[in-house]
Number of protein chains: 2
Amino acid sequence: MSAPLPAVSGCTEMLDSETKAAETPEDHAEELRLWLRLLTCTTLVEGEVRGRLRQRFDVTLPRFDLMAQLDKAPDGMTLSDVSKRMMVSNGNVTGLVERLVESGHLDRRTSETDRRVQVIRLTKLGRAEFRRMAAEHETWIADLFADLTPKDVRELMRLLAKTKASAQKSAARRRS
Amino acid sequence: MSAPLPAVSGCTEMLDSETKAAETPEDHAEELRLWLRLLTCTTLVEGEVRGRLRQRFDVTLPRFDLMAQLDKAPDGMTLSDVSKRMMVSNGNVTGLVERLVESGHLDRRTSETDRRVQVIRLTKLGRAEFRRMAAEHETWIADLFADLTPKDVRELMRLLAKTKASAQKSAARRRS
DNA sequence: CCAAATTGTTTTAAGCCTAAAATGTTTCCT
DNA sequence: AGGAAACATTTTAGGCTTAAAACAATTTGG
């Protein structure tokens, strides 16, 4: 539709692209490019945030992310909840929590009504440190996205919501 | 400007938000939400692609990404080039290449004009396997983004380009 | 009631990833 | 020429991440 492709696809000119669409090896180069650009943006921002967190607070991004989840849940969360929210594996959370309990940022206890469940919370220290980091973090993000107008931001939010829904649908389709 | 904030910022009503902008503790909640949504989308798609690559081809995403870089460079690339393109650390590439040479997908040789430099290329096997994977990969991406119209895709490309430029500028600002 | 399925978590094995230090090579400058 | 700076890569130490298997506790359906 727009970008010229390198002379790779060996198909000859389509005479009737409308009616023969189903038989054409479809061109998804645009979607591919979109995915790469999405990934680039995320990698870029994530790398910056990671580096600043390390330099300023000597903390890793996964630890910060975990604390961010807990900050929104004053009554604590189960490990499964955290793992779903963060979209990482269960085993990953186990280790992360271990280290944060060790450093005094988290409190972990077994649920009294279901002894399978571990409930974790921020400690006073953990909450205080997180708030300090979060405040600065917000300014970094603002700076990283500074060239976007409020309209750009709104539009991106809308399109990314649509993207997320599309991807979730596709993922569900595969699982079924 | 748009979303109501929880009663956290203790400042009283602004009478003149235009002229006093510099003194207000600024609200960057929208950018923060945008960042989280961007991250969610990427994580979602990345997770799907990772899982499908493993199931269908028993290959990891980083290996696939590295082969994708090399497929575009028939004359090979240096490790530094690869590391810059992939936006990962040098040491990371060293290990990745090691394993791919081991499995017969990559060929690595020391440059004859500069003995510091290692040039890597896809082997015949590596190229063939990559092409097979890439063809399928493209259909996965198309499916994951299927609900986006061509216009959505164009608009996202534009806005993400702007986002990338903004983030790069911010990162450069910090490094200087 | 009790076996089977389900759920929540941890463990394991392997690989990915980073920052920083170390190593080897080339270039630059006087 | 010869030492300093720059460059490309590897090594190191530590942490992150995953999938799959193992374990423990609860729920479910005969």
Side-chain angles (χ1 to χ4, degrees), chain A residues 39 42-44 46-67 76-103 105-106 108-120 175, chain B residues 39 42-44 46-67 76-103 105-106 108-120 175:
Chain A
L39 188 54
T42 300
T43 305
L44 206 55
E46 194 169 329
E48 272 303 303
V49 170
R50 184 191 308 280
R52 298 190 201 200
L53 279 174
R54 190 182 44 75
Q55 286 198 347
R56 289 276 299 132
F57 301 109
D58 193 32
V59 77
T60 66
L61 183 50
R63 292 212 234 274
F64 177 79
D65 286 343
L66 176 40
M67 293 171 82
M77 297 173 79
T78 70
L79 295 199
S80 292
D81 286 348
V82 171
S83 138
K84 267 171 224 141
R85 288 292 200 96
M86 293 181 72
M87 298 198 284
V88 299
S89 68
N90 282 341
N92 191 352
V93 173
T94 297
L96 222 35
V97 166
E98 218 160 57
R99 289 182 285 269
L100 280 166
V101 168
E102 171 70 22
S103 64
H105 294 86
L106 257 57
R108 159 216 252 158
R109 62 187 61 171
T110 303
S111 160
E112 296 187 4
T113 62
D114 184 340
R115 279 188 325 227
R116 288 170 302 183
V117 173
Q118 302 283 317
V119 178
I120 54 176
R175 278 193 304 274
Chain B
L39 188 55
T42 301
T43 305
L44 206 54
E46 195 171 328
E48 272 304 302
V49 171
R50 183 191 309 280
R52 298 189 201 201
L53 279 175
R54 189 181 44 76
Q55 287 198 346
R56 289 278 299 133
F57 302 109
D58 193 33
V59 76
T60 66
L61 183 51
R63 293 215 234 275
F64 178 79
D65 286 343
L66 176 39
M67 292 171 84
M77 297 173 79
T78 69
L79 296 199
S80 294
D81 286 348
V82 171
S83 139
K84 267 170 222 141
R85 287 293 201 95
M86 293 181 71
M87 301 198 281
V88 300
S89 68
N90 282 342
N92 191 354
V93 174
T94 297
L96 223 34
V97 167
E98 217 160 58
R99 288 181 285 269
L100 280 166
V101 168
E102 171 70 22
S103 63
H105 294 86
L106 257 58
R108 160 215 249 156
R109 62 188 61 172
T110 303
S111 160
E112 297 187 3
T113 62
D114 183 340
R115 281 194 321 232
R116 288 171 302 182
V117 173
Q118 302 283 318
V119 178
I120 54 176
R175 277 193 305 273

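FYI, side chains are in, hydrogens and waters are out, and symmetry mates aren't considered; it's all heavy atoms of this structure. Order of the sequence lines fixes the chain letters, A, B, ..., with proteins taken first and strands second; residue numbering starts at 1 for each chain.
- Residue N92(A) has a polar side-chain atom (N or O) positioned under 4.0 Å from OP1 or OP2 of dT18(D).
- Listed pair R50(B) / dT17(D) fails the phosphate criterion, with no side-chain N or O lying under 4.0 Å from OP1 or OP2.
- Between S80(A) and dT7(C), a side-chain N or O to OP1/OP2 separation shorter than 4.0 Å is absent.
- Contact annotation: R54(B) side-chain N/O to dG15(C) OP1/OP2 distance is not under 4.0 Å.
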What pairs of nitrogen or oxygen atoms, one from the protein and one from nucleotides 21-27 of chain C, lie under 3.5 Å apart?
from    : atom 1 : to      : atom 2 : distance (Å)
dT26(C) : OP1    : R115(B) : N      : 3.0

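- Side-chain atoms of Q118(A) and T110(A) include a donor-acceptor pair closer than 3.5 Å.
- If you take CG of D58(B) and P of dA19(D), they are 13 Å apart, rounded to a whole angstrom.
- Between G47(A) and L79(A), it is L79(A) whose nearest contact on DNA chain C lies nearer the 5' terminus.
- Interatomic distance, M67(A) CE to D65(A) CG, rounded to the nearest 0.5 Å: 11.0 Å.
- Phosphate proximity of dC16(C) to R63(B): present, with a side-chain N or O under 4.0 Å from OP1 or OP2.
- Without hydrogens or angle criteria, T43(A) side chain to L39(A) main chain gives a donor-acceptor distance under 3.5 Å.
- In this model, the phosphate group of dC16(D) is approached by a side-chain N or O of T60(A) to a distance below 4.0 Å at OP1 or OP2.
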